[in-house]
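What follows is one structure encoded as structure tokens, with my remarks underneath.
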Number of protein chains: 2
Amino acid sequence: MSDKVTIATVAERAGVSRQTVSNVLNAPHIVREETRRRVQDAITALGYRTNQAARQMRTGRSRLIAVRIEPTRDGINGSVLDRFLHGLTETGEAAGYRTMLYTATDAEREIAVYDDLLGSYDLDGFVLTGTDHGDPRTSWLAERGVPFVTFGRPWDDLDAHCWVDVDGAAGTAQATTHLLASGHRRIGWIGWPAGSGVGDDRRAGWSDTLHAAGLDPTGLARETVDGIGEGERCARELLARATPPTALVCASDSLALGALQAVRATEPAVPVIGFDDTPVAAAIGLTSVSQPLGDAAARCVDLLTAVLDGPHRTPAPVLLQPTLVRRRTA
Amino acid sequence: MSDKVTIATVAERAGVSRQTVSNVLNAPHIVREETRRRVQDAITALGYRTNQAARQMRTGRSRLIAVRIEPTRDGINGSVLDRFLHGLTETGEAAGYRTMLYTATDAEREIAVYDDLLGSYDLDGFVLTGTDHGDPRTSWLAERGVPFVTFGRPWDDLDAHCWVDVDGAAGTAQATTHLLASGHRRIGWIGWPAGSGVGDDRRAGWSDTLHAAGLDPTGLARETVDGIGEGERCARELLARATPPTALVCASDSLALGALQAVRATEPAVPVIGFDDTPVAAAIGLTSVSQPLGDAAARCVDLLTAVLDGPHRTPAPVLLQPTLVRRRTA
DNA sequence: TTGTACGCGTTATCAT
DNA sequence: ATGATAACGCGTACAA
């Protein structure tokens, strides 16, 4: 096994000083063409790689970004984060950043992790997922000037920080429009309790679309915590109405899956549309709204690197459009 | 914002030398009790955290482990890796290691990533998933003395390196035994082509169990690449036999899902059992073999840290037992 | 283009 | 047995 290759090794081989090698790496334009090439050749020949720890000591930057990996909850929605993570890692690599993982069970503990990660590893930035009203994490980071991007809007103030999100309202609007086009007039909603940014957004897409079509959504919505059982319960409630909905739009695939159980025996079939286009949806033929997660991850990296590498201005937020994936159920 | 807290800050505050602080951290037993406490207090009061980059410069160790995150394929099996990753991160944190992610599309490129990660970040170790016969990655790492653990056996030589795995054969044996106990005698198998370690292992559990019960599995197996469509096709083939199987065991939930489509109309119902207990299985009530992924991840960390922190001997491999999760389909 | 100091924790050496 | 001092690892900032 060959000895460790440092900048000194390269410098010796190329017949220049260590500093020149550093210049070739970090400011190639100030090095004479011929020298630059000689140094480059030496780097390639020796297989030199910058020692990030040493670089970090001087620059204070680690070229590391961190993201939280959540425990699989009901399992269905877990794959969303999974796909996002993969995109993040891939795009990050291309931009010269490595992705570090951490876990945390609540916001307070997550902040403690930030503190540790920042202190011990000099993390360059964070990608947060699933923001909500009054998120303590973003304020903690912002106060300390730590670069971060959220996948999810800062619901209280859209200019609070740098973010990427998918337009949930547009997604449920697409779903609702699709059902309207099929002739449905009483379209029900199964979603989450008011107060969560994501939930309210998705619900708004449904109700606004009905309003725009001159229809009244009153009484056609049910709200509950996420879960298959809950989805089924809500769907049964809606179907038991005097004037039951003839189609259902749901805030998640879990809820939609439950709803499907409830409508199984109805005649004619009650279409159901879910949200997230999870593997479960694909497997059972559930029509669902698909988020461009790879894109979202890529834009997160773009924004974060813009903050890190560029001047100190906040890049414009990014709102991506989801698409409706039509399958058996609608 | 307070200044950066280094060992010097702590030393000053505690009225000792930098060296003493270092000793308190790395060799507490050689420091006088009273001094130790005073230094500890200063560390807590100042919120000191060792700068990993500086430590790494001296020790050559980064307290970082790396694992590959794979692109979501058919999406169903993706959640397996997801759960494993979470466990790995969690257990790693507890042991003082951080988890770094990387992507790679094939073994050759993955090796190139090892090289980079080792050269640039001084990675302490790797966790590999999904080993197979003649895996080039393990030999590359072993040749260079890089610590690693695989989640998956080294199929060619069980003593080749340190590994953790789940006993797939025991899982399919459980599934088969369960069906035998329900009175089935012609139990079919839908799996992957011979030659893959994991696939052969799972198939062996099925065929060995039938043999042990004095039954002949000949003609009752179908092999194909993974996927819902393929599962359905194989199931139809099996059901079209003169003496069709009355129950099916599958090598994955994807295959089982396809098989379920094929048996939908059969009377009496043909039980189907999948493998991996994915969220999809839970959602649709598919009986499936569940791998203890959290445990597996934890044991991977245990083994890796044993190699890293302890003397240079290879810890004994770990073979975990899966469990059959009974649901509607069997 | 080059010399030199520097960042921060650890290891080796020396003093008490 | 402790504690203090000096050197070291590697890449970079700044002045020469």
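Values reported hereafter were calculated over all heavy atoms of this structure, with side chains retained and with hydrogens, waters and symmetry mates removed. Quick note on labels: first sequence line is chain A, next is B, and so on, each numbered from 1.
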Student check: side-chain heavy atoms of A:Y102 and A:Y114 closer than 4.5 Å: yes

Annotated protein contacts, base or backbone, on nucleotides 8-16 of chain C with a non-hydrogen cut-off under 4.0 Å, one of B, S, - each: BBBBB----

Ionic contact status for B:R63 with B:D124, cut-off 4.0 Å: no

Protein-nucleotide distance (A:R61, atom CZ; D:dA13, atom P), rounded to Å: 11 Å

Spacing of A:E12 atom CD relative to D:dC10 atom P, expressed in whole Å: 14 Å

B:Y121 OH to D:dG9 P, straight-line distance once rounded to whole Å: 23 Å

Atom-to-atom span, CD of B:E33 to C1' of D:dT2 - whole angstrom: 15 Å

Residue whose closest nucleotide on DNA chain C lies nearer the 5' end, A:R36 versus A:A53: A:R36

Heavy atoms of other groups near B:E108 CD, more than 12 under 6.0 Å: no

Sugar-phosphate only, base, or nothing, as touched by A:V21 at under 4.0 Å among non-hydrogen atoms: nothing

A:D276 with A:R83: basic N within carboxylate O range, under 4.0 Å: no

B:V164 vs B:T150 side-chain heavy atoms within contact, under 4.5 Å: no

Phosphate contact (C:dT1 OP1 or OP2) by A:R32 side-chain N/O below 4.0 Å: yes

Side-chain ion pair, A:R36 and A:E33, N-O less than 4.0 Å: yes

